Structure formats: structure tokens, C-alpha cells
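Reviewing the structure listed below.
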Amino acid sequence: MKDQLRLAIQTALKQCYADGSLTSGELPDEVQLEIPKNPEHGDFSTNLAMTLAKPERKAPRKIADVLVAALQGNPLCDKIEIAGPGFINFRLAASCWYGVLDQITAQGSNYGRSQIGAGTKIQVEFVSANPTGPLHIGHGRGAVVGDAVAAVLQAAGFEVQREYYINDAGNQISTLGRSILLRLRELQGETIEFPVDGYQAGYIAELAAKYRSEQGELSGVSEAEAIESCARFGVAEVLTWIEADLRDFGIEFDHWYSEKSLYDRAMVDQELNKLKEKGLSFTEEGALWLRTTEFGDDKDRVLVKSDGSYTYFASDVAYHMEKFDRGFDRVIDVWGADHHGYIPRMKAMLAGLGHPPEDLEVLLIQMVNLLRDGKPYIMGKRSGNFITLKEVVGEVGRDACRFFFLMRRCDSQLDFDLELAKQQGSDNPVYYVQYAHARVCSINRNAAEAGVKIPQSGEIDYSRLELTEELALVKQLARFPETVVSAALSYEPHRVIFYLQDLAAQFHSYYNRYRVLVDDPASSRARLYLVNSVRTVLANALHLLGLSAPERM
RNA sequence: GCGCCAGUAGCUCAGUUGGAUAGAGCAACGGACUUCUAAUCCGUAGGCCGAGGGUUCGAAUCCUUCCUGGCGCGCCA
């Protein structure tokens, strides 16, 4: 709808240049069209005349006059007005709007999808928690946001891959191995002293017990081999936990990428050599450095330490270089906000390799403050006194949990109140939206009982939808596709949540004020058609975010 | 000290990427179930958009200087 109008305006503008009524020849890249806050200002509004004021060297309202004259008689528009400092306000013909209902009916679960991103390959890498323990609640937010960003991008036509990067190399893995080994020795009757830097949590003992029953006792191997063996076992085991917890949360990855495999395939050295050849790295004090300061970082960063071992940054660099080798046009990383200091060095690395900085987008996920009844729920890291994702999802439910994580922009901190999320009452916005869907389904059941079928396109007399509330609902439905596009282009899935709440509110209000199934069959059919379009869009938006659309509640 | 994020109604947050009179949900108060599900609706009240300065036709939004809160600033991961 918006695009059609935009096209009409562009045509009119060109026509004005052709017949000389406007002279600058300026063609803006995009005609800005917005939906005015005040409905008296029409369905759409453009500031085009104001932006042309400078190049045309005329008063905005004069330019608007010319444009409006050129647009006169356009079948899309019911009324065109010039207002304020030079806005052009459009009121579209009601008949245009009702076509949206036919579109929704025809497209069904595809309504809202578009092809804006067609031909662009994007990878979204998210969660990527160390496989040294179960996912906790903090990982949950990144998981849902990453998943939803990937989903809206897909809906906008981008080719998307979801990837989990497994940090299965480095110190934290040997710590895991050592911790399991010590618990194992304990099980074998030895008295051990558990180091403070070991993993204390209870699941380590679980892993040790499982190791013992599956692999038997450890004997006749060196300490290093024993740690290695325990580490491998632990990583594999923990990864199955993580994968299962994520699946229960509705999240599946296309690809699990092992850090260790980078080393096994000598990819790290290979990619570091490329950097060396390009003169981006240098050796100093026995270490290999990446010259990130040339591209905006505060200081240069070490890739290979003076003892010959690699930094975490080295494998990260290799990993990201390899992502682009795999043919992705754009790469999105979802990180915890505490890692924000890494952005400049990663972008610097890409800049050094000739990538524009926008090719890597890092979404920072701010902290989750877990509350219970309004009081902070403190979690200790080392002590193992943390709430796992699995526990939270089990307690509050998958839909409520996902909804809460998506309710806010990801770069603002989130208060997550367990009691609030669990409540099945009016305080809980997820049920508010789902209830709207269930209500339409309920109407359908009543209609079926009365022998009224849900109408198809062509069986409707649109003149029966004459209420302002009905036209407003249709307009809201028409906004869904552009909402998805804007959520995708800005990587902000919360926009879809707000859209859902708005649509549900409009529907509930309409439902309370008017009956859908009335005595007059033509009116019943028309209204049934309308509310089922609402149902389709509610379901599409809910499913897009990985939420269920229940038929009864 | 430097950097990143945030600061909007009593609370939690939106704000269409610079547009017209700044919005919603909770909480408060007053109403609506003989009628398709009251997990709902209708109404009232609530504001120096952290503060100052700047940019322009126009600023919650962009620039700048402060203030407050959170998080970072390793040859750790």
C-alpha cells in the first residue's frame, strides 16, 4: 500500500520535472512516507516538499501545490491536503484498503514475508556459550534475540544461517577436564583438594559419575592424557545438554562450529599468515601482534603470546575471516554486553582486510536482572548458585520466557521477574496477545455451529465494513509486512512484539464493542472475514517469534 | 582516567531512524458480564523527554559539555 503510493509520488515528481513546473531535477533516493500520529492528518504523509525547498529555492507550500496538482485524479487517493509547514497528507480510498484482506487470505501464513533481502547471505552467530556448563538465564536472552533476528531476516527474504560457535579449545576446557578428573578421583576414594579456580558446581560430579560408568576407571595414563580424556567427555556431554535445552526453548541451529577444528585444520596459522602477508601483523617482545590501531582500536592486540600459545583473539580472528571465506555477505554476532570492548578490534581486523565495517554487526545483549516478586535474585558465578535456562523455562513456560526476552530493545537492561512472567493474569502481555487469537478461534467455532462458513475472497460485501474501527483494523493489518522489514533491517525484533500488542489491543476493543456474528448474514460474513485476517496476522507474527498461537485458552 | 550502553508518567518501557498536540502496560481511582471466552473493554488522573549549550523551517531523536546508573579497559577466556 505504502509502496504503491510512493511510486505514484515519484511518478508525479518526474512529471513535474518533465513539464517544467519544477526545475531542480533533484530525485531523492527515497520518498519518505510516514503514518501520522494524528489520524486527522490522513493515512500517510510526506515531507517531500520541505526537503525540496532548498534545491528548488521555493517555499515548501508552493512546491507542495505543484506536486498535489500532478497527483490529482490518482485513483489511490481519496483526498490530498497540504498542511503545516509543507506536509502533504494523503487519505487513501477505503476500497484500496480492503484489498489487504484479500491479500492476507490469499497469502495465508506467507503474509508478511517479503523479498527485500533476496540474494544476500547473512550468518547469525549466537549463544556460543562455553561448553563447560549448562546454559543459564543470561544466555537465554541472547538465544531468543539471536533466533528472532534470524527469523525476521528470513521473513524479509535474506538467506540466513544460524550458527553456534563452540569454544572447545583453550584454558577453560582444560579447567573443565581437570575439575572432572578431580571429582572422578574422589569417586575412586581419593582425598583431593579442590582448587579455587576449578569448576565447583554440582554438575561436575555428575559428569564424573557418568564418565566412570561409561568409560570405567582411569589408570595407567599420564595426568595430561587423563585431563584431555575428561575434557573431551565433558564437552561432548555438556553440548548435548545445551542442544537439548535450546531445542526445548524452540531454538535450533543450522551449524555448530568447533573452535578446535580451526586448529585441527591449521586454519588459525593459515589465516594469520594472510594477515602477515598483508603487513597487518608484526612481532615484538617475542609475541605476534595485530596492528589494529591503524583502524581505530586503542592499542594493538596480541595474536600469539611470547610462549608460542595462541590468544583467544587469534582463533576469533581466524574464525571471522573464515566466515567471509564461506561467502556470507554480512555476519551478525550476538554477544553479551560485557564483551563490547572487543568490537573495535574485530572491526579493525576486518577493515585491514578491506571489509566495510557494516559487514560485521555486533548485537550487544544487556544484562538480565533476575527478580522474584520484585526482589533481586542474586546469582554467584563460582559457587554454582545460578538458575539454569532449563529451570526458568520449566517454571514460567516457553512462550512467556521468549516473550519477555523480546519485549525490550536488546541494548537496554532487562528486569525479568519470575513471578510476573509466570502469572497467567492480566499483567502478562503474552497471554493478552494469545487471547486475542483464541477469541477469533472461538468465534469461528460458534460460526461453524451456526452453519456459517468462513468466507473466501469474493464472497464479501466490503460496504458492510463501514465502522471506523474496522477500517483502522484493516490499516493495522496492512502495516505488518513493513513492520517485519523494519525489524529485519534494524535487527530489532522487539518491533514485532509491539506490533502484536497494538493489533491485539485494537482487536479486543473491537470485540468488546461489536458482535461479529449478527443477524444480517452479509455483515456476519464481512466481519468474519475481517477477524480471520486478524487471526492470520496474529498467528504469523507469533510464529515468527517462535511463540505459539493457541486456539483456546 | 579512557571507552561502550542507558537516562522519557509513581514503576517497567515504546517512540515509525529529524516531523505536526510525546505514547502504551502496570500501579491509583470510577464504570461494563442475560449478548461470539471479563486472561477482555470503557473512562479519569499522571511529563522541565537527566541538565546546559549548539545545528535548522522543525530536536526525545543529530553535535558538544557536564550529572547519574550499568558494563568494559590482560601476552585471561
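Predicted model, so just to flag it, every value in this text is computed and none were measured. Each chain gets a letter, A, B and so on, in the order the sequences are listed, and its residues count up from 1.
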- Message: Expressed as a whole number of angstroms, how long is the span from A:Phe405:CZ to B:rC13:P?
- Response: 14 Å

- Item | Side chain of A:Arg439 - closest among B:rC71, B:rU40, B:rG15 | B:rU40

- Looking across every strand, which nucleic acid part, if any, lies under 4.0 Å from A:Ser412 by heavy atom: base, sugar-phosphate, or nothing? sugar-phosphate

- Query: Is the gap between the ring centers of A:Tyr257 and A:Tyr164 under 6.0 Å?
  - Reply: no

- Query: Ignoring hydrogens and geometry, is there a side-chain-to-backbone donor-acceptor pair from A:Asn130 to A:Thr132 under 3.5 Å?
  - Reply: no

- Rounded interatomic separation in angstrom, taking CG from A:Asp338 and P from B:rC73: 9 Å

- Item | side-chain hydrogen bond (donor to acceptor under 3.5 Å, both in side chains) partners for A:Ser524, two or more places apart | none

- Proximity to the side chain of A:Asn47 - top-ranked nucleotide from B:rG19, B:rC75, B:rU37: B:rG19

- Task: Please tell me which of the listed nucleotides, B:rG15, B:rU37, B:rA20, lies nearest to the side chain of A:Glu34?
- Result: B:rA20

- Watson-Crick or G-U stems involving RNA chain B, each at least 3 pairs long, distances under 3.5 Å, ordered by first number: B:1-7 with B:67-73, B:10-13 with B:23-26, B:28-32 with B:40-44, B:50-54 with B:62-66

- Message: Any side-chain to backbone donor/acceptor pair from A:His437 onto A:Ser548? Under 3.5 Å, distance only.
- Response: no

- How is A:Ala436 classified with respect to the nucleic acid when contacts are heavy atoms under 4.0 Å: base, sugar-phosphate, or nothing? nothing

Side chains of residues 364-371 of chain A: which donor-acceptor partners sit under 3.5 Å, not counting sequence neighbours?
from: A:Asn369; atom 1: ND2; to: A:Asp415; atom 2: OD1; distance (Å): 3.2

- Rounded distance in Å between the P positions of B:rG23 and B:rG31: 28 Å

- Closest nucleotide among B:rC75, B:rA20, B:rA39 to the A:Ala287 side chain: B:rC75

- Per-pair stack call A:Phe87 and B:rA20, 5.5 Å, 30°: yes

- Item | Sugar-phosphate, base or nothing in reach of A:Tyr514, heavy atoms under 4.0 Å | base

Just the atom pairs and distances: protein N or O near nucleotides 67-70 of chain B's N or O, under 3.5 Å.
from: B:rG70; atom 1: O2'; to: A:Gln413; atom 2: NE2; distance (Å): 2.9

- For A:Asp3, the salt bridge (charged side-chain N to carboxylate O under 4.0 Å, His left out) test, sequence neighbours excluded, returns A:Arg6

List, with names and distances, any nitrogen or oxygen atoms from the protein found under 3.5 Å away from nitrogen or oxygen atoms belonging to nucleotides 55-62 of chain B.
none

- Checking all strands, does A:Ser490 fall into the base, sugar-phosphate, or nothing category for heavy-atom contacts under 4.0 angstrom? base

- Query: Where along residues 517-525 of chain A does a heavy atom fall under 4.0 Å from RNA chain B?
  - Reply: A:Leu517

- For A:Met407 and for A:Asp502, find the nucleotide of RNA chain B with the closest heavy atom, then tell me which residue's nucleotide is more 5'. A:Met407

- Verify salt bridge (Lys or Arg N to Asp or Glu O under 4.0 Å) between A:Glu459 and A:Arg525, making sure each step is shown before the conclusion. CA-CA 8 Å; A:Glu459 302 174 0; A:Arg525 269 205 306 278; 5.6 Å; no

- Message: The criterion is salt bridge (charged side-chain N to carboxylate O under 4.0 Å, His left out); which residues satisfy it with A:Asp297, sequence neighbours excluded?
- Response: A:Arg301

- Query: Which value, rounded to the nearest 0.5 Å, describes the distance between A:Ser315 atom OG and A:His320 atom NE2?
  - Reply: 10.5 Å

- Message: By nearest atom, which of the nucleotides B:rC13, B:rA20, B:rC75 is closest to the A:Asp415 side chain?
- Response: B:rC13

- Message: Classify A:Ser509 by what it touches in the nucleic acid, base, sugar-phosphate, or nothing, heavy-atom distance under 4.0 Å.
- Response: sugar-phosphate

- Base of B:rC33 relative to its sugar, syn (within 90° of 0) or anti? syn

- Anti or syn - B:rU17, cut at 90° from 0: syn

- Message: Taking the minimum atom-to-atom distance to the side chain of A:Phe498, which one of B:rC13, B:rA39, B:rA20 wins?
- Response: B:rC13

- Message: According to side-chain hydrogen bond (donor to acceptor under 3.5 Å, both in side chains), who are the partners of A:Trp97, at least two apart in sequence or on a separate chain?
- Response: A:Asp43

- Between the main-chain N or O of A:Gln476 and the side-chain N or O of A:Tyr499, is there a donor-acceptor pair closer than 3.5 Å? yes

- Message: For A:Lys299 and A:Arg515, find the nucleotide of RNA chain B closest to each by heavy atoms; which residue's nucleotide sits nearer the 5' end?
- Response: A:Arg515

- A:Arg552, nearest nucleotide to its side chain (from B:rA20, B:rU37, B:rC75): B:rU37

- Note on the structure: A:Tyr510 OH to B:rC42 C1', in whole Å, measures 17 Å

- Listed by chain and number, what are the salt bridge (charged side-chain N to carboxylate O under 4.0 Å, His left out) partners of A:Glu259, not counting sequence neighbours? none

- Between B:rC5, B:rU12, B:rC75, spot the one nearest the side chain of A:Asp411, thanks. B:rC5

- Mind checking side-chain hydrogen bond (donor to acceptor under 3.5 Å, both in side chains) for A:Glu419 and listing every partner two or more places apart, or none if nothing turns up? A:Arg372

- What residues form a side-chain hydrogen bond (donor to acceptor under 3.5 Å, both in side chains) with A:Arg409, not counting sequence neighbours? A:Asp411

- Task: Using whole Å, report how far CG of A:Asp297 lies from C1' of B:rC73.
- Result: 11 Å

